[in-house]
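Just follow the structure's listing: the first ligand is 1, and inside any ligand the first atom is 1.
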Amino acid sequence: MKIQTSQGSYNIQLETDCFKNISTTINSLSNNSSPKIAVIVDQNVYNIYKKLIEDSLAAFNPLIVCLPQGESSKSYEAIYPIYGKLIENELDRHSIIIGIGGGVIGDAAGFIASTFLRGVKFIQVPTTLLAMVDSSIGGKVGINHELGKNLIGSFYPPSAVIIDPLFLKTLAPREANSGLAECLKHGILSGEGLFNKVLSNPQILKLDNNQITIFINDSIKVKKQFVEEDEKETGKRAYLNLGHTFAHA
Ligand code: GLY
């Protein structure tokens with residue numbers, strides 16, 4: 001699936017086991033035969049998927065930076081040292097930053113990509129259901145301020161989104177429920193088809209990969225309609241915040 005933006009379009013790849021082929025996406029985005037790569041990854045995700053991540057990116061000898069799980073990683077204090085690592089490792093304007101994790105990582109890594117050297121390419125690799133169906137799509141990146149959530153940020157479309165349902169196998173039940181609630185939200189916004197599908201499949205994550213993939217695809221299609229029509233949230237996109245403000249509070 002492609003998402004159209006004011007700056008072009010980006011591709012969403014959705015397939016079980018597709019992460020291991022991430023080098024193909026990197027090469028297709030890069031005009032340099034060996035771009036420098038920085039991976040910003042959730043510490044827990046890295047602990048579980050270290051081998052997969054390292055093997056899939058071995059050809060690029062990437063800089064790997066782990067951030068602890070949780071909202072505190074979406075802060076100026078947490079991300080400032082990462083700019084220093086990018087500079088010390090001589091990342092340049094042809095470099096690509098890859099965010100691997102849930103919404104916190106996608107938002108923080110995307111914000112770093114949008115500001116480092118005035119913007120470098122960015123690949124979203126969401127590993128939670130919530131990030132797969134919502135936060136990785138639509139280009140919102142940012143960090144929190146002590147006075148409020150998401151107060152510092154921008155609209156910065158990724159260059160690609162790679163969704164591999166393989167990562168859902170180790171998702172904590174609370175996180176899975178959060179993602180299902182987001183699918184339900186898309187159901188409310190799109191009509192009863194998806195809404196009823198979510199309600200009748202509360203155990204969706206236990207189903208086989210094909211069914212999960214179809215389900216994620218249906219949900220992303222809803223988000224696509226909203227973000228393509230109102231990329232910068234001047235109107236209709238605000239509907240996607242249904243339940244968010246309440247939950248943030
Ligand atoms: N998560 C709501 C939005 O992307 O607009």
Side-chain angles (χ1 to χ4, degrees), residues 1-14 40 42 69-71 73-75 97 99-115 119 122-145 148-163 167-168 171 174-191 194-195 198 215-249:
M1 199 184 318
K2 273 204 185 311
I3 304 285
Q4 300 295 334
T5 79
S6 52
Q7 296 165 50
S9 66
Y10 58 91
N11 196 42
I12 302 172
Q13 198 181 343
L14 166 58
I40 300 174
D42 176 296
Q69 193 165 52
E71 201 68 21
S73 288
K74 234 178 99 170
S75 66
I97 292 180
I100 307 178
V104 164
I105 294 292
D107 283 12
F111 183 71
I112 294 168
S114 73
T115 47
F122 170 51
I123 301 177
Q124 284 264 23
V125 182
T127 58
T128 63
L129 183 60
L130 176 57
M132 290 176 184
V133 299
D134 184 35
S135 59
S136 66
I137 319 289
K140 279 186 180 176
V141 298
I143 55 172
N144 301 328
H145 187 276
K149 205 168 141 54
N150 295 329
L151 294 182
I152 303 168
S154 57
F155 291 93
Y156 190 72
S159 302
V161 182
I162 296 177
I163 301 178
F167 290 110
L168 297 177
L171 193 63
R174 186 181 156 84
E175 291 297 327
N177 287 339
S178 249
L180 284 173
E182 210 60 39
C183 296
L184 209 51
K185 178 198 82 180
H186 286 153
I188 293 170
L189 295 175
S190 68
L194 180 58
F195 185 76
V198 181
F215 193 76
I216 295 170
N217 194 54
D218 286 350
S219 203
I220 293 175
K221 272 197 215 150
V222 178
K223 178 133 194 190
K224 171 180 160 73
Q225 286 167 10
F226 281 87
V227 300
E228 286 189 340
E229 210 175 297
D230 179 21
E231 185 183 350
K232 304 271 170 79
E233 199 172 299
T234 55
K236 186 178 172 183
R237 182 168 177 168
Y239 291 154
L240 291 172
N241 295 334
L242 175 67
H244 282 204
T245 311
F246 176 74
H248 289 171

Can you tell me if Lys140 and Asn150 form a side-chain donor-acceptor pair at under 3.5 Å?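 Lys140 vs Asn150: no donor-acceptor pair found between side chains.
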Between Glu182 and His244, do the side chains contain an N or O donor and an N or O acceptor separated by less than 3.5 Å? yes
What I'd like to find out is whether the side chain of Val125 reaches to under 4.5 Å of the side chain of Ile123, using heavy atoms alone.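 In contact.
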Residue pair Ser178 / Leu129, side-chain heavy-atom distance below 4.5 Å: no
Pairs of nitrogen or oxygen atoms, one from ligand 1 and one from the protein, closer than 3.5 Å: please tabulate them with distances.
residue, atom, partner, partner atom, Å
ligand 1, 1 (N), Asp134, OD1, 3.1
ligand 1, 1 (N), Asp134, OD2, 3.0
ligand 1, 4 (O), Lys223, NZ, 2.5
ligand 1, 4 (O), Arg237, NH2, 2.8
ligand 1, 5 (O), Lys140, NZ, 2.9
ligand 1, 5 (O), Arg237, NE, 2.7
ligand 1, 5 (O), Arg237, NH2, 3.3

Atom of Glu228, atom of Lys2 and distance for their closest heavy-atom approach: OE2-O, 3.5 Å
Which residues pass the side-chain hydrogen bond (donor to acceptor under 3.5 Å, both in side chains) test with Ser6, not counting sequence neighbours? Glu231
